**Q** 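If you scroll down you'll find the structure; I have some questions about it.
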Amino acid sequence: MSETVPGVRVPQRPSVDGLEAKWDRRWQEQGTYRFDRTKSRQEIYAIDTPPPTVSGSLHLGTVFGYVQFDSVARFWRMRGKEVFFPVGWDDNGLPTVRRVQDHYGVRCDPTLPYQPDARIELEPGAERPMSRGNFIELCHELTARDEQVFEQVFRDVGLSVSWDLTYTTIGDRSRRISQRAFLHNLARGEAYLSEAPTMWDVDMQTAVAQAEMEDRLTAGAYHRLRFHRRDGGDIEVDTTRPELLAACVAVVVHPEDPRYGDAVGSEVTTPLFGVAVPVLAHPLADPDKGTGAAMICTFGDTTDVVWWRELNLPSRSIVRRDGRLQTERPDWLTTEAAARAWEAVAGRTTKAAQTETASLLAESGELVGEPRRIEHEVRYYERGEHPLEIVASRQWYIRNGARDEDRRQALLGAGRTLSWHPDFMRVRYEHWVDGLNGDWLVSRQQVFGVPFPVWFPLDEEGNVIHARPIPADESSLPIDPQSAVPPGYDQAQRGRPGGFVGDPDVMDTWATSSLTPQIAGSWEDDPDLFGRIFPMDLRPQGPEIIRTWLFATVLRSQLEHASLPWSNVSINGWILDPDRKKMSKSKGNVITPESLVGQHGADGLRYWACRAAPGTDTAADPAQMRVGRRLAIKVLNASKFVLSMAEGGGEVTEPLDRAMLTRLGGVVAGATEAFERYQYHQALDRAEGFFWSFCDDYLELVKSRAYGTSDAGGPTRSARQALSLALSIQLRLFAPFLPFVTEEVWSWWRNGSIHRARWPEPNELAGVDRGDPAALEAVAEVLGVVRRTKTSEKRSLRCPVERLEVIGDAGRLASVALGRDDLVEAGNLRELVLTPGPEPATLVRLGED
RNA sequence: GGGCGCUUAGCUCAGUUUGGUUAGAGCAGCUGGCUUACAACCAGCAGGUCGGGGGUUCGAGUCCCUCAGCGCCCACCA
């Protein structure tokens, strides 16, 4: 350390290395980002931080988005807001189940008894069965470890979250609040139980919601089948799912299709099975698809469900929940031929049954031509491996506007009231709400999740009375109905006639995640806190979960609070590899955040992330991170230089100094306005643009004057004061983006954290007379000509200039004259002549070294 | 099938909301320079018919129409 100016301690060789660990530790010790809950709602800026899904490693894309909204958080904190910036870990649900299965090599078998002192050795790839209790213990154990790893990354990249506001989505508080919110939904009639055809994943053996489905291009084949008319003729039907033939309940045609007009109302018999089914008309039947006649099965796709419901058809289900056809022969297959055909497919997977059915049809002559191979979009669970089947099952639903136009309009109105950044992301929300085709299916047949806090009574025969769920008492939450007993019963009555059973299902993870504002703010557990942070100011998140997390959060808030959950939504973009492909583990192009922080520093990584506009897909470009690192180093060096002579108290009198500060005032206004519009990248761009010209031009021009070798008179003090002011302001402009290096420099000469310092405001420069930025530009331009001449003459920049003649109109000459002395020093001029003339020119005659 | 976004220098991107000097950065390239903040640095040079076409306008990277390519979202996909 060297003390150049009293109170300023600048290291001899400042370095960006090691700043992450140093400042993370001090920020934690000093509680720099700790939330002060005594502030009023007006003084608070509340963020609904996305809880990342815990896994073995944090994806760079996650860090990318988090750093962006961290810069916004830092801006508002410096603006004087108390920032409520919680951090959550999403350790609920299927991703955790899969991670535990893969990591340890185990699987959950609910029939096994709990082993109190089980020791689990790692054996990836194995599938050792274990009890539900042991499995859940492992889930908690592994996620706790994963969360520590994630926390370290968040600290390394300088997220200014409050670590005392941490939650997990499977923790007690999340379970309690999920269950409480559900009980409220139930009491208000917004949640209901219904037995209906539902999309079903045969691997996970659970129902899934519309929001979790995706279409995938899948190989299939059209099979043209002959259905037989009473008059001896045939109706040909194209299907991609001949294996469902036994589940056929009708044939449907368009009401105005002339080919089938006479057949409507008649009966046909199905091929192979000889089951009589009606030919019906429905406008959804498309005359241009296939033969124009379709078979309706229960259920091959969602159109079947519509037809089944609207045409009042019987239910003939043959697909089991594990994706195989049932083994027992359905009772509507009565003929001997039907029985033989059924023998061939009973118990097979749908795929095997399809092949088998096709060959039987070919044998019987009821297959027209060969199956025609096609590729078509088929619906999958987004985390699933096989196409979804549709099975009838009893599930919990929450009303979401799909079947209630008023509610749908209210949700669309909510989307319009929200401020979206960028604005066009609003369209995705509107499309989603417009396209909802059913209420939100919230129950899952899984082991790890938040249980429904209800039981069902059993009648005297031991049948479950689903119509009369027994809700838990809210004071008892969180509860597990598998172990807890409903009010008015005792444990001995579990599963007994006249007793009760616990609801075996758990909630969709989004049923919990949709309550992150309530969880983070301890809704009803801590009404004082919740009142200070809700509704929140900002929801930052990725674009792929608008239909899930964003929509569900808006919905829950509407239902529970009749308000928006937040006023702003900021959507980040994707990370692409340099070939503009989306990064993914399978492509092997994933770079870890940890390694990037090591190579380029947290500030370098943050610079790259914050250069990207909100909602814009961005390449993971190490070159940009190197630039960020260099910017951080430049900040250190320029600060060292400025602070080697900066002293407070002087008055800024010189025109060039005033011009520089006037320009900086404009930059401050622009950066502030950009941040207020959530355009953090523009704030960075403005600060960076100014900083480089500050270093290249202004610093070079005033260097000699600021040194003040001859005297410490007015001009020298003016330069020093201007440098000091400019540095202070620029450090604060950079603080949201480069929190480590700016804090380091701040600590050399100021008390307290820069991150609690006030964001620069134009009135900080109120004591400085306005200068003319054109003066600085004119002088810098002339200096540029001098440099260019020296460079093109292959001379050192130190080389003296024998004579410099500036020709131009009165305005130009006056501008140059304002910086005359600085120009002479910076350019090493021996003579400077200002000549009036119509054509501006700058003539340089170099001297000898 | 519908919708949204993108297309600007060899590369990565700003700039488009509100039309206005010769369209900006950085990286890579090239030419120089150890200059008392910085050689992990500095100075300088070169590089663009702003995807194609049409229109509005005194004036278009920016507004309108259209076409193409890429990406994404949604869709009842027999």
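These numbers come from the heavy atoms of this one structure, side chains and all, not from hydrogens, waters or symmetry mates. Every value quoted in this text rests on a predicted model; they were computed, and no experiment measured them.
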**Q** Please pick, from U31(B), C76(B), C42(B), the nucleotide with the shortest atom-to-atom distance to any side-chain atom of Leu284(A).
**A**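 Selected nucleotide (nearest to the side chain): C76(B).
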**Q** Determine whether a donor-acceptor pair (N or O, by modelled atom type, separation under 3.5 Å) exists between the side chain of Thr616(A) and the backbone of Ala612(A).
**A**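 Judged by distance alone, no pair lies under 3.5 Å.
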**Q** Closest approach to the side chain of Thr791(A), judged atom by atom: which nucleotide of A43(B), C76(B), U17(B) is it?
**A**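 Closest of the options to the side chain of Thr791(A): A43(B).
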**Q** Is Glu310(A) touching bases, backbone alone, or none of the nucleic acid, heavy atoms closer than 4.0 Å?
**A**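 Nothing, no nucleic acid heavy atom in range.
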**Q** Of all the choices, A40(B), G3(B), U12(B), which nucleotide is nearest to the side chain of Val427(A) once you look at every atom?
**A**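 Ranking A40(B), G3(B), U12(B) by closest atom to the Val427(A) side chain puts G3(B) first.
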**Q** At 4.0 Å (heavy atoms only), tell me whether Glu700(A) reaches a base, stays on the sugar-phosphate, or touches nothing.
**A**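 Glu700(A): base contact, heavy atoms under 4.0 Å.
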**Q** Of the listed nucleotides (G44(B), C77(B), C41(B)), which one gets closest to any side-chain atom of Arg787(A)?
**A**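 Nearest nucleotide to the side chain: G44(B).
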**Q** Measuring from the side chain of Asp215(A) (C-beta onward, heavy atoms only), which nucleotide among A75(B), C13(B), A78(B) has the closest atom?
**A**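 Nearest to the side chain of Asp215(A) among the choices is A75(B).
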**Q** Quick check on the 6.0 Å ring-centre criterion: do Phe64(A) and Trp574(A) meet it?
**A**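 For Phe64(A) and Trp574(A), the ring centres are not under 6.0 Å apart.
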**Q** Select from Arg630(A) and Trp432(A) the residue whose nearest nucleotide in RNA chain B is closer to the 5' end of that strand.
**A**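 The 5'-side residue here is Arg630(A).
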**Q** Can you identify which nucleotide, out of C13(B), G32(B), C73(B), has its nearest atom closest to the Arg611(A) side chain?
**A**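 Closest of the options to the side chain of Arg611(A): C13(B).
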**Q** Would you say Tyr429(A)'s side chain and Leu412(A)'s backbone share a donor-acceptor pair under 3.5 angstrom?
**A**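 Checking the backbone N and O of Leu412(A) against the side chain of Tyr429(A), no donor-acceptor pair under 3.5 Å is found.
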**Q** Would you mind classifying the nucleic acid contact of Thr616(A) as base, sugar-phosphate or nothing, using non-hydrogen atoms under 4.0 angstrom?
**A**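 Touches sugar-phosphate only.
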**Q** Would you indicate what Cys297(A) reaches in the nucleic acid, counting non-hydrogen atoms under 4.0 angstrom: base, sugar-phosphate, or nothing?
**A**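 The answer is nothing, as Cys297(A) stays clear of every strand by at least 4.0 Å.
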**Q** Any chance the side chains of Thr218(A) and Tyr380(A) put a donor and an acceptor closer than 3.5 Å?
**A**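 The answer is yes; a qualifying pair exists.
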**Q** If you only use heavy atoms from C-beta on, which nucleotide in C76(B), A78(B), C41(B) is closest to the side chain of Lys634(A)?
**A**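 From the listed options, C41(B) comes nearest.
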**Q** Quick one: which of C42(B), A78(B), C76(B) gets closest to the side chain of Asp238(A)?
**A**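 The closest nucleotide is A78(B).
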**Q** Counting only side-chain heavy atoms from C-beta out, which of G33(B), A78(B), C4(B) sits nearest to Ala294(A)?
**A**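 Out of G33(B), A78(B), C4(B), the nucleotide with an atom closest to Ala294(A)'s side chain is A78(B).
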